[in-house]
Amino acid sequence: MTQIIKDTFEGNKEFKPINEKEVKIYSCGPTVYSFVTIGNLRAFVVSDIIKKSLRYLKFNISDVMNITDVGHLLEGADDTDDKIERESKKQNKDVFEIIDLYTNYFLSSIEKLNIRKPNVLVKASDTIPAQIELIKILDSKGYVYQTEKGVYFDISKFRDYEKYARQNLSSQIIGARKGVVSDKSKRNAHDFRLWQTSYPQHVMQWDSPWGRGFPGWHIECSAIIYKYLGESIDIHTGGIDLIYPHHVNEIAQSEGAFSKKFVNFWIHNAMILVDGVKMSKSLNNTYLIEDIEKKGYNPIALRYFYLNAHYSSLINFTFNSLKGAQNSLNKIYSFLRLNGGSFSKDSKVSEKYVKLFQSKISNDFDTPGMLSVLWSLIKDKDIDISTKLSTILDFDNVLSLDFYKYLNKEEVSSDILELLDRRAILRSEQKWADADHIRENIEKKGYTVIDMIDKSFVVKKI
């Protein structure tokens, strides 16, 4: 089955990995100066669905995500506050306390949404040598110049810059665009900072060939990709708000440095409205995961809500729509509870419905279509219950809606859970014989062990 993905810049294309044995995926991570909101979280659910869908189709995935903990200045300007440092002053906390606080909140939030952590999750501040090295490569190829304020990328040297930016930048003057601060030493209004040297009060500073300072926001992603994934990758994800200037600048840096196509497929998710308006602090509608929980909703209902719309579609969040998502989930959970006793680990999946599900994946990750196939399966009276349950669990390798939890008719004891956790560690270390021994012990206690792509669980034998 042909996998079609809509690339942001080139439209629908057939997906073919650069390397048949490995799909390289990079996702822009959070800037950890505030709590991640339900608006931010949509991007991470989208990237999670993409990666789990490709794993479902038997692709091997190498995925990387950054955490921006330095260099993201307010409005992308040249001479203003670093977002994280401003927040540290506001809260009267150490910069590193701020970074830890919001990084941990991000990790907690994605865990609640069943988002699998990437193979590599790395802070920008931990890759400074790689960023300096990439700037040196760009410098050697004539893309870089230095002013008294810092080191810049000269966009006039990258001939496709305006094509990717989709606007005529040459007619714009310095300071005309919001967030571009007048710097008389800059050659072009939209030249962007690679290394900042005019901010001596900045807490996080490093030595470099251009002077002591810190990196710009854009260089970190190109450098991290180069360090962990190489000069070219298959897929890059992020919100549409990052297309320009952030992702356009990534393209300029990476293709300028290595003279080859940087990303084969750019996948950008649309934003979220709240009650029909843009999410903003001034409107007090920047909801967090904990706000969802305080109102009695399962965070997985939020994941279901996201999946109800294609990633490229604008969606409107209301608590009524979240209630609808929770009700839909509860109906599935009730079906699983009612019929869980009929589940058999030896039951095969329905080939008919698996093919339908795969067809939705292959149509640019059509999550509403995937849910439609799921509901058709549940309502299909011609499919026996055990096959139906096995197929639902199979789909949950992609959907990650916690279906496996509801096959158990009783709580699993802590000793079984500890054995299961120990087995997962052994499997990750490829100690298969030891893992099999634990599996045998679990089964002797009256449980059947079921292995899915991202987890293992047990079902009490009836």
Side-chain angles (χ1 to χ4, degrees), residues 27-30 34-53 65 102-118 237-241 267-281 283-334 336 365-372 374-375 392 395-406 454-455:
S27 301
C28 275
S34 63
F35 293 115
V36 63
T37 69
I38 63 169
N40 306 134
L41 286 167
R42 186 187 190 189
F44 304 112
V45 170
V46 167
S47 65
D48 186 62
I49 282 288
I50 289 168
K51 289 180 278 191
K52 287 175 177 173
S53 293
M65 182 184 292
Y102 295 123
T103 297
N104 290 335
Y105 189 83
F106 168 72
L107 295 175
S108 171
S109 295
I110 65 171
E111 182 179 1
K112 290 177 180 179
L113 288 172
N114 285 345
I115 297 170
R116 175 174 172 165
K117 283 179 64 176
T237 71
I240 59 170
D241 57 317
I267 302 178
H268 291 97
N269 62 278
M271 296 294 100
I272 289 181
L273 299 178
V274 175
D275 296 317
V277 298
K278 185 177 180 180
M279 187 181 298
S280 70
K281 290 183 179 180
L283 295 175
N284 196 32
N285 65 357
T286 53
Y287 296 122
L288 312 178
I289 281 286
E290 63 186 42
D291 296 319
I292 301 298
E293 293 176 303
K294 286 177 181 177
K295 289 183 177 290
Y297 292 100
N298 181 348
I300 300 302
L302 180 62
R303 184 179 177 99
Y304 190 99
F305 166 77
Y306 293 137
L307 302 188
N308 258 321
H310 189 264
Y311 71 82
S312 63
S313 300
L314 185 71
I315 54 175
N316 182 39
F317 174 87
T318 66
F319 278 101
N320 279 337
S321 62
L322 184 63
K323 182 178 180 180
Q326 181 73 76
N327 289 340
S328 294
L329 264 184
N330 287 341
K331 289 178 182 178
I332 301 173
Y333 293 159
S334 294
L336 295 172
F365 310 105
D366 176 10
T367 54
M370 295 180 209
L371 292 178
S372 177
L374 170 67
W375 280 106
I392 290 170
F395 292 173
D396 210 37
N397 283 309
V398 177
L399 301 175
S400 295
L401 295 171
D402 279 349
F403 294 156
Y404 71 97
K405 290 182 178 179
Y406 294 87
D454 283 335
K455 60 178 74 70

Quick one: list whatever passes side chain to side chain donor-acceptor pair (under 3.5 Å) with Thr37, sequence neighbours left out. Asn40

Provide the closest heavy-atom pair for [X] versus [Y] in the form atom of the first, atom of the second, distance.
X: Met279; Y: Val274; answer: CE-CG2, 3.5 Å
X: Ile272; Y: Gly39; answer: CD1-CA, 4.0 Å
X: Ala301; Y: Ala325; answer: O-CB, 3.4 Å
X: Ala270; Y: Ser312; answer: CB-O, 3.5 Å

Where do Arg116 and Ser400 land on the side chain to side chain contact (heavy atoms under 4.5 Å, CB included) test, with the steps shown first? CA-CA 10 Å; Arg116 175 174 172 165; Ser400 295; over 6 Å; no

So, [X] side chain and [Y] main chain: donor-acceptor pair closer than 3.5 Å or not?
X: Asn316; Y: Gly276; result: yes
X: Asp396; Y: Phe403; result: yes
X: Asp366; Y: His310; result: no
X: Ser34; Y: Tyr102; result: no

With sequence neighbours left out, which residue pairs that include part of residues 322-334 fulfil the side-chain hydrogen bond (donor to acceptor under 3.5 Å, both in side chains) condition? Gln326-Asn330

Scan for side-chain hydrogen bond (donor to acceptor under 3.5 Å, both in side chains) pairs involving residues 293-303, sequence neighbours excluded, and state none if there are none. Asp48-Arg303, Lys112-Glu293

Find the distance between [atom1] ([X]) and [atom2] ([Y]) and round it off to the nearest 0.5 Å.
X: Leu307; Y: Ile49; atom1: CG; atom2: CD1; result: 4.5 Å
X: Leu302; Y: Asp291; atom1: CG; atom2: CG; result: 11.0 Å
X: Ile392; Y: Leu374; atom1: CD1; atom2: CG; result: 6.0 Å
X: Ile50; Y: Asn269; atom1: CD1; atom2: CG; result: 8.5 Å
X: Leu399; Y: Leu371; atom1: CG; atom2: CG; result: 6.0 Å

Would Phe106 and Phe44 count as a close aromatic pair, with their ring centres under 6.0 Å? yes

Residues passing the salt bridge (Lys or Arg N to Asp or Glu O under 4.0 Å) test with Asp402, sequence neighbours excluded, are Lys405

Name all residues meeting the side-chain contact (heavy atoms from CB on, under 4.5 Å) criterion together with Ser27; count only those two or more places apart in sequence or in a different chain, and write none if there are none. Ile25, Ser47, Lys51, Met65, Thr237

[X] vs [Y] side-chain heavy atoms within contact, under 4.5 Å:
X: Val36; Y: Ile110; answer: no
X: Arg42; Y: Ile38; answer: no
X: Asp275; Y: Asn285; answer: no
X: Phe319; Y: Ile292; answer: yes
X: Met271; Y: Leu314; answer: yes

I would like to know whether Tyr306 and Ile315 meet side chain to side chain contact (heavy atoms under 4.5 Å, CB included); could you show each step before the answer? CA-CA 8 Å; Tyr306 293 137; Ile315 54 175; 4.1 Å; yes

The ring pair (Phe, Tyr, Trp, His ring centres under 6.0 Å) partners of Tyr105 (sequence neighbours excluded) come to Phe35

Would the number of heavy atoms belonging to other residues, nucleotides or ligands and lying under 6.0 Å from CD of Glu290 be above 12? yes

